[in-house]
Amino acid sequence: MRSLFGADSYDPDDMLAHPRHQEMQPVLAMLIQQLRDCTTEEGGVAFQRDLLDRLLEVEKNRKEFKRAADRMRRRKSPHREAPEPQSGRDLSDVATWRFEYEVCDRLARQLRSVGDALAWRVFGFHRPFILALCRNDPPVRCAARPGCRPSLIVLRRCSRKTAPLPFCTT
């Protein structure tokens with residue numbers, strides 16, 4: 001049976017003390033304040049881009065840690081693209097790589113929660129819109145989509161040429 005926090009192979013306090021987790025906490029506070037301070041569409045679009053860039057970086061690391069853990073389970077060494085674990089744990093232990101994956105998974109969920117706050121604001125805190133969206137399947141990890149980066153480039157190019165994406169200031 002899985003523990004309440006999904007922490008079968010680590011102490012939840014280890015998660016909270018992890019350097020990546022510690023680094024992200026002031027960033028999350030700053031992002032929340034930025035969202036509160038957004039008063040223009042351009043500010044909202046810039047905020048959304050910054051948030052998405054951060055999320056993509058965390059998801060990329062998450063994917064690479066999973067790949068490294070999978071390789072370790074097959075008795076291979078982690079691949080060169082794997083980010084450096086910051087937990088201070090044994091690099092030859094698959095649990096280290098799995099723990100790093102779990103840390104990145106938690107950080108991605110935290111960033112997505114800030115994105116949810118943006119959606120609430122964009123939809124004017126109108127509950128029916130949010131309920132309609134939340135009843136869909138959970139989103140696929142952005143970094144896992146092969147067309148994600150090219151799509152972002154096109155979107156950014158288009159948003160500079162035309163009106164920015166909708167953003168309400170209520």
Side-chain angles (χ1 to χ4, degrees), residues 1-36 38 46-123 130-153 155:
M1 183 172 147
R2 290 186 56 92
S3 73
L4 178 63
F5 298 103
D8 294 331
S9 61
Y10 62 88
D11 183 330
D13 289 338
D14 291 346
M15 173 75 73
L16 298 176
H18 190 282
R20 286 182 202 279
H21 192 272
Q22 291 293 314
E23 287 174 20
M24 185 61 76
Q25 299 318 297
V27 171
L28 290 165
M30 183 238 355
L31 287 168
I32 291 167
Q33 188 58 53
Q34 276 182 336
L35 177 58
R36 289 177 179 155
C38 280
F47 171 80
Q48 187 176 22
R49 285 182 188 149
D50 183 33
L51 179 62
L52 185 57
D53 287 343
R54 291 175 190 276
L55 177 62
L56 289 172
E57 182 63 28
V58 167
E59 286 187 353
K60 177 180 160 240
N61 287 340
R62 178 185 170 276
K63 181 178 106 180
E64 296 302 333
F65 282 127
K66 181 174 183 350
R67 187 173 162 211
D70 291 346
R71 286 179 58 88
M72 295 283 292
R73 269 193 290 278
R74 292 189 310 266
R75 302 200 190 307
K76 294 181 179 179
S77 62
H79 56 292
R80 289 184 181 193
E81 297 84 17
E84 187 70 30
Q86 295 180 2
S87 61
R89 293 175 173 215
D90 181 6
L91 297 180
S92 64
D93 186 359
V94 69
T96 298
W97 297 90
R98 180 71 187 165
F99 176 62
E100 296 288 339
Y101 165 84
E102 295 287 340
V103 169
C104 290
D105 189 59
R106 179 181 171 88
L107 297 178
R109 283 194 315 271
Q110 290 174 338
L111 289 167
R112 285 182 185 281
S113 294
V114 176
D116 290 347
L118 173 63
W120 271 100
R121 196 159 170 201
V122 166
F123 288 112
I130 301 301
L131 286 174
L133 291 171
C134 75
R135 290 192 175 132
N136 291 328
D137 291 333
V140 175
R141 302 287 180 196
C142 293
R145 295 181 179 169
C148 184
R149 285 286 176 197
S151 297
L152 287 173
I153 292 167
L155 178 64

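The figures here come from the full heavy-atom set of this structure, side chains too, leaving out hydrogens, waters and symmetry mates.
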Can you pull out every salt bridge (charged side-chain N to carboxylate O under 4.0 Å, His left out) where at least one residue sits in residues 17-34? Sequence neighbours excluded, please.
R20-E100
Using side-chain heavy atoms (C-beta onward) and a distance below 4.5 Å, is R106 in contact with H18?
no
Heavy-atom side-chain contact between L111 and M24 under 4.5 Å:
yes
Using the side-chain hydrogen bond (donor to acceptor under 3.5 Å, both in side chains) criterion, which residues pair with R73? Sequence neighbours excluded.
D70
Any donor-acceptor N or O pair under 3.5 Å, side chains R71, H79:
no
For Q33, enumerate each residue passing the side-chain hydrogen bond (donor to acceptor under 3.5 Å, both in side chains) test, keeping only those at least two apart in sequence or located in another chain.
D37
For the backbone of L91 and the side chain of T96, can you confirm whether one donor and one acceptor N or O come within less than 3.5 Å of each other?
no
Please find the pair of heavy atoms, one from A69 and one from V94, that lie closest to each other, and give the distance.
O-CG2, 3.3 Å
Derivation of the side-chain contact (heavy atoms from CB on, under 4.5 Å) call for E102 and R62:
CA-CA 8 Å; E102 295 287 340; R62 178 185 170 276; over 6 Å; no
Using a strict cut-off of less than 4.0 Å between a Lys/Arg side-chain nitrogen and an Asp/Glu carboxylate oxygen, indicate whether R112 and E59 qualify as a salt bridge.
yes
Quick one: list whatever passes side chain to side chain contact (heavy atoms under 4.5 Å, CB included) with V114, sequence neighbours left out.
L28, L31, I32, F47, L51
Applied to residues 74-85, the salt bridge (charged side-chain N to carboxylate O under 4.0 Å, His left out) test, sequence neighbours excluded, yields R67-E81
When every non-hydrogen atom of M72 is compared with those of S92, the smallest separation belongs to CE-O, 3.2 Å
Between R109 and D105, is there a salt bridge with N-O shorter than 4.0 Å?
yes
Can you give me the closest heavy-atom contact between H21 and M15, atom names plus distance?
CB-O, 3.3 Å
Do the numbers put R98 on top of the ring of F65, so that NZ or CZ is under 6.0 Å from the six-membered ring centre and no more than 45° off the axis?
no
Do D14 and S87 come close enough that some side-chain heavy atom pair is under 4.5 Å?
no
Measuring from atom CZ of R121 to atom CG of D116, what distance do you get when rounded to the nearest 0.5 angstrom?
15.0 Å
D50/R54 ion pair, N-O < 4.0 Å
yes
Minimum-distance pair of heavy atoms, taken over all atoms of N61 and P83:
OD1-CG, 3.4 Å
Heavy-atom side-chain contact between C104 and E64 under 4.5 Å
no
